[in-house]
Colleague: 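Right, I'll just put the structure down here and ask away after.
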Amino acid sequence: MEPVLGRRWQKVLYERQPFPDNYVDQRFLEELRKNVHARRYRYWAVVFQSGAVVQQLCSVCIFVVTWWYMDAGMLSPQGLFGAALVTSLLGYILFDAVDGGAGRRESGRTRWADLKSTLVFTAFTYGFSPVLKTLTESISTDTIYAMSSLMLLGHLIFFDYGANAAIVSSTLSLNMAIFASVCLASRLPRSLHAFVMVTFAMQIFALWPMLQKKLKAQTPQCYVGVTLLFTLVALAGLATVSSVGAVLFTLLLLAISCLCPYCLIRLQLLKDNIHGPWDEAEIKEDLSRFLM
């Protein structure tokens, strides 16, 4: 329908106008805006952020390789426990040294409280290690391997990489990793092996990410160096088990840290979000006071 001569259309609902409800004039597209909220990424910044994914993949790799060595009898539980204890002490000292103890002062947690928590966890894990060893005797080994693989995959999916997404769940991710470690530990020769394996899993899946997040926030250069060193350790360990697996894992890490950021940058150029008067209204005012 053509507009009525002598009458100008107005974008209001409270006044009756001689125009159809779906009528708009030539000014309709004047308020068109494109990519208003689009983020502009830089390649090396995205590569830096991908380090969290690389580190978690390497953590899973090191855990599986360590379990394989213990299952094959090439690594003693005493040796692994000693190495884990030394690295835990070094990581604990570094955790406080990174920010000068500011985080500890803000939380109000003392070193005595940390020591008590460590002793309680170690004592309970050691006490229940015979139960962990016989927990899955009635389940076939193939089923254990399948469940462990699915749990570790779920751990990687739900892990908190720093993204604000509904799928992120640190608690679920950690629980799935510990469940996988219990399943794999139950296939080791002795109860001591199971105890050390679960303790090592708690260290690499719970304590290590905490240190990495602090390094990333406080000392980015140190974080990059630690990530590269951790990646080399994971690749070296995997190469001793399977050279083909090490090559494929290297290609996977390169794709995540180099190729995927490049694809993201290129795809951002093709982004074309439009905004205009047809968008739904957004309430900017804080309405929380009405919920009291």
Side-chain angles (χ1 to χ4, degrees), residues 52-73 75 77 80-81 83-85 87-88 91 114 117-163 165-213 230 233-234 237-238 241-242 245 249 252 256:
V53 183
V54 171
Q55 284 208 13
Q56 210 55 31
L57 286 171
C58 291
S59 297
V60 173
C61 176
I62 290 176
F63 173 77
V64 174
V65 170
T66 303
W67 173 86
W68 185 87
Y69 270 99
M70 292 192 68
D71 187 55
L75 178 64
L80 178 59
F81 186 78
L85 181 61
T87 54
S88 296
D114 294 338
S117 299
T118 302
L119 293 177
V120 169
F121 170 79
T122 305
F124 269 91
T125 306
Y126 184 78
F128 283 101
S129 57
V131 179
L132 299 177
K133 176 65 181 66
T134 59
L135 187 63
T136 60
E137 282 187 347
S138 60
I139 304 176
S140 66
T141 302
D142 292 340
T143 303
I144 290 296
Y145 291 163
M147 285 195 305
S148 301
S149 301
L150 290 176
M151 291 299 104
L152 290 176
L153 179 61
H155 164 74
L156 293 172
I157 293 175
F158 295 105
F159 185 78
D160 184 10
Y161 299 103
I167 195 175
V168 174
S169 177
S170 300
T171 304
L172 178 60
S173 176
L174 178 59
N175 287 337
M176 296 181 81
I178 298 303
F179 180 80
S181 69
V182 171
C183 290
L184 292 176
S186 66
R187 287 299 183 264
L188 293 175
R190 296 165 49 198
S191 300
L192 181 61
H193 292 71
F195 160 69
V196 174
M197 202 69 224
V198 174
T199 305
F200 177 69
M202 183 61 69
Q203 178 189 13
I204 199 169
F205 292 127
L207 302 181
W208 177 251
M210 294 172 58
L211 176 60
Q212 289 305 307
K213 287 181 179 179
F230 195 59
V233 171
L238 184 58
V241 177
S242 172
F249 191 65
L252 175 62
I256 292 176

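Just so we're clear, the structure is a prediction, and the values are computed from it rather than from any experiment.
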Colleague: To the nearest 0.5 Å, tell me how far Leu152 CG sits from Gln56 CD.
Modeller: 10.5 Å
Colleague: With a 4.5 Å heavy-atom cut-off, do Ile157 and Met176 have their side chains touching?
Modeller: no
Colleague: Going by side chain to side chain donor-acceptor pair (under 3.5 Å), name the pairs with one or both residues in residues 168-179, residues two or more places apart or in two chains.
Modeller: His155-Ser173
Colleague: Could you tell me if the side chain of Leu80 sits less than 4.5 Å from the side chain of His193, heavy atoms only?
Modeller: no
Colleague: Is it the case that the side chains of Ser129 and Arg190 hold a donor-acceptor pair, with the cut-off being a distance below 3.5 Å and no angle test?
Modeller: no
Colleague: Quick one: pull up OG1 in Thr199 and CD1 in Ile204 and give me the separation to the nearest 0.5 Å.
Modeller: 13.0 Å
Colleague: Determine whether a donor-acceptor pair (N or O, by modelled atom type, separation under 3.5 Å) exists between the side chain of Thr125 and the backbone of Thr122.
Modeller: no
Colleague: Work out which heavy atom in Leu188 is nearest to a heavy atom in Ala194; give both atom names and the distance.
Modeller: CD1-N, 4.3 Å
Colleague: To the nearest 0.5 Å, what is the distance between CG on Leu211 and CD on Gln203?
Modeller: 10.5 Å
Colleague: Do you know which two heavy atoms are closest between Ala84 and Ser88, and how far apart they sit?
Modeller: O-OG, 2.7 Å
Colleague: Which value, rounded to the nearest 0.5 Å, describes the distance between Phe230 atom CZ and Leu57 atom CG?
Modeller: 10.5 Å
Colleague: For the CG atom of Leu174 and the CZ atom of Phe159, what is their distance to the nearest 0.5 Å?
Modeller: 9.5 Å
Colleague: Does a sphere of radius 6.0 Å around OH in Tyr161 hold more than 12 heavy atoms from other residues, nucleotides or ligands, not counting ones at 6.0 Å or beyond?
Modeller: yes
Colleague: With no hydrogens and no angle check, is any side-chain donor or acceptor of Trp67 less than 3.5 Å from a backbone partner on Leu184?
Modeller: yes
Colleague: Is any side-chain heavy atom of Tyr69 closer than 4.5 Å to one of Val241?
Modeller: yes
Colleague: Give me the atom names and distance for the closest heavy-atom approach of Pro77 to Leu192.
Modeller: CG-CD2, 3.8 Å
Colleague: Quick one: closest heavy-atom pair of Met151 and Ala180, and the distance?
Modeller: CB-CB, 3.7 Å
Colleague: For the pair Phe63 and Phe200, name the ring-plane relationship: parallel under 30°, tilted 30 to 60°, perpendicular over 60°.
Modeller: parallel
Colleague: Can Thr66 and Met197 be said to form a side chain to side chain contact (heavy atoms under 4.5 Å, CB included), step by step?
Modeller: CA-CA 9 Å; Thr66 303; Met197 202 69 224; 4.3 Å; yes
Colleague: What pairs with Ser191 under side-chain hydrogen bond (donor to acceptor under 3.5 Å, both in side chains), at least two apart in sequence or on another chain?
Modeller: none
Colleague: Taking all heavy atoms of Met70 and all of Pro189, pick out the closest pair and write down the distance.
Modeller: O-CD, 4.4 Å
Colleague: Does CZ belonging to Phe128 count more than 12 external heavy atoms closer than 6.0 Å?
Modeller: no
Colleague: Between OG of Ser242 and CZ of Phe249, what distance do you get to the nearest 0.5 Å?
Modeller: 12.5 Å
